[in-house]
Amino acid sequence: MNLEHLNEAQKQAVLQTEGPVMVLAGAGSGKTRTLVSRIQYLLNDKKVSPFQLLAVTFSNKAAKEMRERIAADSHFDLGALQITTFHAFCSRVLRMEAQYLGLSRNFTIYDGSEQKSVIKGILGKRGISQKEIHPSEVQYFIEDAKNNGHYIGAKPDPLLDEVDKDDLFYDFFVDYEGELHKSNAVDFGGLITGVLNLFDNFPEVLERYQKRFKYLLVDEYQDTNRAQFKLVKMLSDKTRNICVVGDEDQSIYSWRGADIRNILDFEKLYSDANLIKLEQNYRSSKNIIEAASHVISRNEQRKGKELWTDNERGDSIQIMECPDDKAEANFVAKEVKELVVSGVDPTDIAIFYRTNAQSRVVEDALRSSKIPYRVVAGIKFYERKEIKDMLGYLRLVVNEKDSLALSRVINTPARGIGVRTLRKIEDEAVKNNVSLWELLEEMINKPEEYKHLKLSAKVKSSLAGFVSLIQEAKVCEVEKRLPSTMYEKVLHESGYYEALSAEKTYEAQARLENLEELVSAIKQYEAEAEEATMTGFLENITLDSSVDESDEPEKEVSMMTIHGSKGLEYPFVFVTGAEESLFPSYRSIESGEEAIEEERRLFYVAMTRAMKKLYILFAQGRMLWGSIKFNGPSRFLDEIPEDYYKWEFYKTNSPFGKSTKKRVTNGVDYDDEFSQVQSYKETEIVYSQSFASTKPLAQSIYPEGTVVKHKLYGEGRVLESKGAGKEEKIVILFRDGARKKFMAKFAPIEKV
DNA sequence: TCGACGATCGTTTTT
DNA sequence: CGATCGTCGA
């Protein structure tokens with residue numbers, strides 16, 4: 001195999017196939033290229049069967065990319081080649097071996113919000129109010145236990161931290177696991193710990209997998225938690241052919257259990273480990289690499305790498321100080337526009353932010369500048385109410401024990417089966433020790449035995465309707481009809497579609513469109529999967545949040561959180577919101593130096609995405625929670641040596657900009673550690689004066705200030721108008737003081 | 001049972 | 001500001 005295109009360190013990482021290897025791959029050091037070569041080398045030269053190779057990574061994005069790049073120049077049938085995420089791998093194992101753990105193969109996977117519902121239910125049953133104990137505290141405890149590889153009945157393991165079983169929360173954990181088990185459900189963390197449970201207690205099963213996977217590869221190793229670490233160790237214990245690849249400087253998921261010890265202690269665990277460092281960066285200019293290296297060198301928690309590059313020095317980093325968040329967004333839009341006009345491909349430009357909430361202002365600015373953009377992994381569409389509702393139905397059909405799904409949909413749309421009825425059913429189910437679904441079926445079959453529940457005739461007939469709906473859908477499943485067929489059936493026969501259509505709001509309209517999107521997602525899955533099942537689809541949608549862009553790739557600017565940017569690169573990068581309390585976030589400021597180090601790594605990740613030109617922006621004042629906050633520039637800006645940047649002030653002609661400056665220099669310096677807060681009322685007026693003129697008024701049918709009459713609400717005045725034509729959305733302030741949002745297209749309004 | 005309303009909260013990042 | 005929870009009246 002030809003390894004000419006690799007440097008020395010990369011070649012070593014490819015050729016060292018036997019024994020434990022840790023590759024520390026700096027940002028832009030050709031990590032994926034190396035990994036792909038290593039896999040091809042194993043397949044082509046070492047004649048390893050694809051069946052014996054397991055490559056796990058943390059994100060679907062990374063798995064997908066690697067798979068595609070290997071498939072691109074390989075003549076093997078890669079069907080047997082396992083390149084997946086930890087979660088997908090474990091889910092697969094659990095479905096195969098479900099019977100060992102008393103699960104059935106069609107188990108449901110619960111995500112965070114479902115976890116929370118279960119926890120709320122448990123607290124409720126124990127009569128604990130959510131004010132006494134926050135469900136998220138319990139959730140955090142459970143997550144933490146699972147990240148540490150703990151499952152109920154686990155024996156102490158020297159690799160793992162102990163869990164405090166005397167903690168009151170441990171009782172909740174036990175209840176919670178019981179509840180999930182009854183529902184034939186597993187949560188994200190449980191996918192991993194479930195496999196640990198399986199391997200700990202059924203050595204013959206473990207051995208089967210150990211024999212199969214001769215070569216193990218772990219990508220994004222810095223993001224693994226202790227449970228995943230143990231899993232990898234168990235799988236590779238026979239051959240010890242384990243290769244982990246990561247970068248401690250890009251570890252940004254500790255809040256989800258990623259444990260930097262996995263990297264820092266690898267050599268302790270494997271005394272014969274080979275350590276290979278990839279330090280040459282092929283991506284960015286000298287300015288960017290050197291500046292980023294200075295910033296990250298402040299971290300204590302490092303193995304230590306010295307990133308360098310042969311690339312040219314390049315432009316200075318541009319730091320822009322803006323009066324406020326809108327000005328920041330406007331600057332980005334203006335600069336992007338100039339770049340595009342000068343011939344830069346919009347797909348070469350990315351805009352980053354710390355929190356998803358920040359995207360809105362920027363989106364507004366881009367839209368009014370008519371710059372096409374794409375928000376990468378913004379609001380995940382399966383988290384929307386209507387999607388969750390429909391998925392609830394589908395889950396129930398596939399896994400009738402899923403009581404959470406059942407209680408979600410039994411009265412959606414409203415069928416007159418309210419909380420009271422549901423409570424009766426739940427109590428009765430507990431009494432008879434059956435699942436909700438089993439009880440419902442019993443009630444329909446033998447109504448005379450459930451007279452004591454005192455259900456009205458209306459409720460009973462609603463229940464009967466609901467049960468037969470689910471039963472009929474189950475028939476589809478048994479007869480192996482297409483998942484999309486079943487979906488359509490449930491959507492319409494449940495009355496969900498009808499109920500939504502009956503609401504004539506633009507919101508309902510948007511929801512219907514989302515449900516349309518769900519059908520296309522199902523159909524796309526059907527087209528791709530070798531054997532399309534509803535269980536398979538549901539698993540896909542929970543484990544892979546990324547929505548496939550089925551539409552043709554357009555010339556768009558990309559927008560994403562910094563977390564979402566990991567592994568990507570762009571010639572032009574805008575990092576927005578580099579302010580104290582936002583980046584680093586106030587939470588990390590409160591919780592100490594380790595948290596700050598993680599934010600610093602995040603900042604480092606952001607910087608090292610840029611190839612040619614890096615912009616870092618911050619706003620003096622930012623609209624947050626209905627008021628303006630002055631936080632001052634991020635400490636990370638001070639950590640970039642002066643030679644590497646130009647610091648400019650973005651002058652706007654907005655009177656607000658001036659007044660802010662005046663306010664700031666008059667009183668407390670904005671750099672002061674106390675931030676000033678201005679009440680919302682004061683600024684609202686100023687905003688509407690200074691920014692009203694920037695809004696696109698041209699094609700709007702109901703521009704701001706128009707007096708209109710609404711069929712239901714009477715007369716009002718248009719406060720805000722966004723978009724034009726079909727897209728026009730307006731906010732109306734009515735006589736009675738009510739404010740309501742409408743889609744101009746649907747709203748029953750007319751000009752007065 | 002259910003919708004409307006008001007008060008009260010809190011807010012990072014995601015497999 | 002926005003989402004969520006609890007209370008109230010129909």
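Computed from a predicted structure; not experimentally measured. Just so we're on the same page: letters track the sequence lines, and every chain starts at 1.
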**Student:** If you check every side-chain atom of F188(A), which of dC2(B), dT15(B), dG2(C) has the closest atom?
**Tutor:** dT15(B)
**Student:** Does S588(A) reach a base, just sugar-phosphate, or nothing at all? Heavy atoms under 4.0 Å.
**Tutor:** nothing
**Student:** Consider the side chain of T421(A), meaning its heavy atoms from C-beta on, and name the nucleotide among dT1(B), dT14(B), dG3(B) that approaches it most closely.
**Tutor:** dT1(B)
**Student:** Atom CG of N147(A) to atom C1' of dT14(B): distance rounded to whole Å?
**Tutor:**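 Atom-to-atom, N147(A) to dT14(B), this comes out as 12 Å.
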**Student:** Partner of dT11(B) by Watson-Crick or G-U wobble geometry, both contacts under 3.5 Å, or none?
**Tutor:**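 dT11(B) is unpaired by these criteria.
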**Student:** Is it true that F603(A) and F583(A) have ring centroids separated by less than 6.0 Å?
**Tutor:** yes
**Student:** Find the distance L123(A):CG to dC5(C):P and express it as a whole number of Å.
**Tutor:**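 Between P of dC5(C) and CG of L123(A): 13 Å.
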**Student:** Consider the side chain of T355(A), meaning its heavy atoms from C-beta on, and name the nucleotide among dT13(B), dT11(B), dT15(B) that approaches it most closely.
**Tutor:**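 Within the option list, the nearest is dT13(B).
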**Student:** So which nucleotide from dT13(B), dT15(B), dC5(C) ends up closest to the side chain of W255(A)?
**Tutor:** dT13(B)
**Student:** Could you give the CD-to-C1' distance, from Q139(A) to dT14(B), as a whole number of Å?
**Tutor:** 12 Å
**Student:** Answer with base, sugar-phosphate or nothing: what part of the nucleic acid does F86(A) contact at a heavy-atom distance below 4.0 Å?
**Tutor:** nothing
**Student:** For the base of dT15(B) and the side-chain ring of F58(A), does the geometry meet a stacking cutoff of under 5.5 Å between centres and under 30° between planes?
**Tutor:**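 No, F58(A) does not stack on the base of dT15(B).
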**Student:** Could you go through R408(A) and D389(A), starting from their C-alpha distance and side-chain angles, then the distance that decides it, and tell me whether this counts as salt bridge (charged side-chain N to carboxylate O under 4.0 Å, His left out)?
**Tutor:** CA-CA 7 Å; R408(A) 177 175 189 113; D389(A) 287 341; 2.9 Å; yes
**Student:** Look at all strands and tell whether D223(A) reaches a base, only sugar-phosphate, or nothing, counting heavy atoms closer than 4.0 Å.
**Tutor:** nothing
**Student:** Return the nearest nucleotide to the side chain of Y586(A); candidates are dT15(B), dT11(B), dT13(B).
**Tutor:**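 Nearest to the side chain of Y586(A) among the choices is dT11(B).
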**Student:** Please determine whether a side-chain nitrogen or oxygen atom of R360(A) lies at a distance below 4.0 Å from atom OP1 or OP2 of dG2(C).
**Tutor:**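 So the side-chain polar atoms of R360(A) do come within 4.0 Å of the phosphate oxygens OP1 or OP2 of dG2(C), strictly under.
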**Student:** What is the distance, to the nearest angstrom, from the CZ atom on R622(A) to the P atom on dC1(C)?
**Tutor:**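 These atoms are roughly 18 Å apart.
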**Student:** Looking only at side-chain N and O atoms, does N356(A) come under 4.0 Å of OP1 or OP2 in dT11(B)?
**Tutor:** no
**Student:** Of the nucleotides dT15(B), dT1(B), dT13(B), which has the atom closest to the H563(A) side chain?
**Tutor:**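 Among dT15(B), dT1(B), dT13(B), the one nearest the side chain of H563(A) is dT13(B).
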**Student:** Is the shortest side-chain N/O distance from T561(A) to OP1 or OP2 of dT14(B) below 4.0 Å?
**Tutor:** yes
**Student:** Are the ring of Y253(A) and the six-membered base ring of dT14(B) within the stacking cut-offs of under 5.5 Å and under 30°?
**Tutor:**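 Check failed, Y253(A) does not stack on base of dT14(B).
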**Student:** Starting from the C-alpha separation in whole Å, work towards a yes-or-no answer on salt bridge (charged side-chain N to carboxylate O under 4.0 Å, His left out) for R601(A) and E598(A).
**Tutor:** CA-CA 5 Å; R601(A) 291 193 287 267; E598(A) 173 136 330; 3.1 Å; yes
**Student:** Touch check for K458(A), heavy atoms < 4.0 angstrom, all strands: base, sugar-phosphate only, or nothing?
**Tutor:** nothing
**Student:** dT1(B) C1' sits how many Å from L455(A) CG, rounded?
**Tutor:**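 Rounding to the nearest Å, CG of L455(A) and C1' of dT1(B) are 14 Å apart.
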**Student:** Counting heavy atoms not belonging to E593(A), are there more than 12 under 6.0 Å from its CD?
**Tutor:** yes
**Student:** Nearest whole Å is fine: how far is dT13(B) C1' from Q358(A) CD?
**Tutor:** 11 Å
**Student:** Identify, between I417(A) and R587(A), the residue whose nearest nucleotide on DNA chain B lies closer to the 5' end.
**Tutor:**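 Its nearest nucleotide being more 5', the pick is I417(A).
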**Student:** How many whole angstroms separate atom CD1 of I252(A) from atom P of dT14(B)?
**Tutor:** 9 Å
**Student:** Begin with the C-alpha distance, continue with both residues' side-chain angles, and end with the deciding distance and a verdict on side chain to side chain contact (heavy atoms under 4.5 Å, CB included) for E220(A) and K566(A).
**Tutor:** CA-CA 10 Å; E220(A) 316 251 30; K566(A) 200 168 62 130; 2.8 Å; yes
**Student:** Hey, is the side chain of K120(A) poking within less than 4.0 Å of OP1 or OP2 on dC5(C), counting only N and O atoms?
**Tutor:**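 Yes, K120(A) has a side-chain N/O under 4.0 Å of OP1/OP2 on dC5(C).
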**Student:** Can you check whether F58(A) and Y253(A) have ring centres sitting under 6.0 Å from each other?
**Tutor:**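 Yes, the ring of F58(A) comes within the 6.0 Å limit of the ring of Y253(A), centre to centre.
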**Student:** If you assign each of R420(A) and G564(A) to its closest nucleotide in DNA chain B, which residue comes earlier from the 5' end?
**Tutor:**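 Here R420(A) is the residue nearer the 5' end.
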**Student:** Kindly determine whether E177(A) and K146(A) satisfy salt bridge (charged side-chain N to carboxylate O under 4.0 Å, His left out), including the steps that lead there.
**Tutor:** CA-CA 11 Å; E177(A) 289 299 293; K146(A) 294 192 173 188; 2.7 Å; yes
**Student:** How many Å lie between CG on D364(A) and C1' on dC1(C), as a whole number?
**Tutor:** 14 Å
